[in-house]
Amino acid sequence: MRSVLIAFIRRVPLLLPAFLFGLVEEGSAQIQKTTEAPYLIVLGTSQDAGTPQAGSHEHPAWKDPSKRKLATSLGLVDPNTGKTWMFEATPDFRQQWYDLDSAAGNMARDNASPGTTTRRAVPDGIFLTHAHIGHYTGLMFLGQESMGTTGVTVYAMERMADFLALNGPWDQLVRLNNISIRKLRPSVPIRLSDDLRVIPFLVPHRQEYSEVAGYRIEGPSRTALFIPDIDSWDDWDRMGHRIEAILETVAVAYLDGTFFAEGEIPGRDMSSFPHPLITVTMDRLSALSSAQRSKIRFIHLNHTNPASDAESAEAAMIRENGFGVASALEVFGL
Ligand SMILES: [Zn+2]
Ligand SMILES: [Zn+2]
């Protein structure tokens, strides 16, 4: 997988700044129009703990690196300015930041004029959803043991922001100004450029240390939705958000696909698991038009989820139902 990914990412800087792509799957780009449009790149598709997980030594990915998956993250690139943002700071931050900076073409530009750049390779901002291990612990790489950044903007909702500012070791990142926290409020947009903005919203999900956010990412032409973790669509209904209505307002939706179906974890009743099973989401949305269903790219797949193998019967079933599974380094033009 890594070699495939590297081959793909090498092509990204050459192609992407010139074109606005639709979904890129398995290397085939659908070119929609020529513009320097911002774009999203999927930096990881696994549940928090990655695939394979620690201790699950029977998982085939230990012997076959092509089956390994990084924790869920999206990158955002504005080719007009070379600016980059990340959604989530995962335990796989090192690889994901390299992949994002590569995709943005910044390294290629530096190499083209060696010695003339003083650019420091840091993201222009990091948007966090919540305080579970796969979503924020990558911030540790901004600290003095690693990058030692200065003032990287970290966007977080109120409780998440306080959690970082008031608890070690994260408070040191604030004290040493490695990060600069910008508090988000639900539905209040963050403007990243004239034609790029991010709108946070609240979703229901376990909230031990923080509230849980999702994001709308609005570009000049298209909008993406990012909800990696949610307890259930019904709970979100009760908060006044209907996923069906929201889907009509976006072009792509990266949604919680943690578990595929009941029975995935042997010996466990999964009805109390705080995630909508992929089968449950597909059932709920089965009456939507194919155009609406095709916007959905399941993400945040657990290491047990058979659909994370594109060759599996479960992945085929998702495709037959008109939905999709996000793949590493796929690109979506905004
Ligand atoms: Zn998660
Ligand atoms: Zn979570």
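Counting starts at 1 for both ligands and their atoms, in listed order.
Taking a cutoff of 4.0 Å between a charged side-chain nitrogen and a carboxylate oxygen, Lys83 and Asp78 do not qualify as a salt bridge.
The angle subtended at the Zn ion (ligand 2) by ND1 of His132 and NE2 of His130 is 90°, given to the nearest 10°.
Nearest N/O/S atom of Asp229 relative to the Zn ion (ligand 1): this is OD2. As for His205, its N/O/S atom nearest the Zn ion (ligand 2) is the one called NE2. Of all N/O/S atoms in His135, NE2 sits nearest the Zn ion (ligand 1). Among heteroatoms of the N, O or S kind in Asp48, OD1 lies nearest the Zn ion (ligand 1).
Checking side-chain atoms of Ser73 against main-chain N and O of Phe87 turns up a donor-acceptor pair under 3.5 Å.
Cation-pi check for Arg268 over Phe273 is not met; the charged atom does not lie both under 6.0 angstrom from the ring centroid and within 45 degrees of its normal.
The ring pair (Phe, Tyr, Trp, His ring centres under 6.0 Å) with Phe201 is formed by just one residue from the set Trp236, Tyr215, Phe226; it is Trp236.
Around atom CG of Asp269, more than 12 heavy atoms belonging to other residues, nucleotides or ligands sit under 6.0 Å away.
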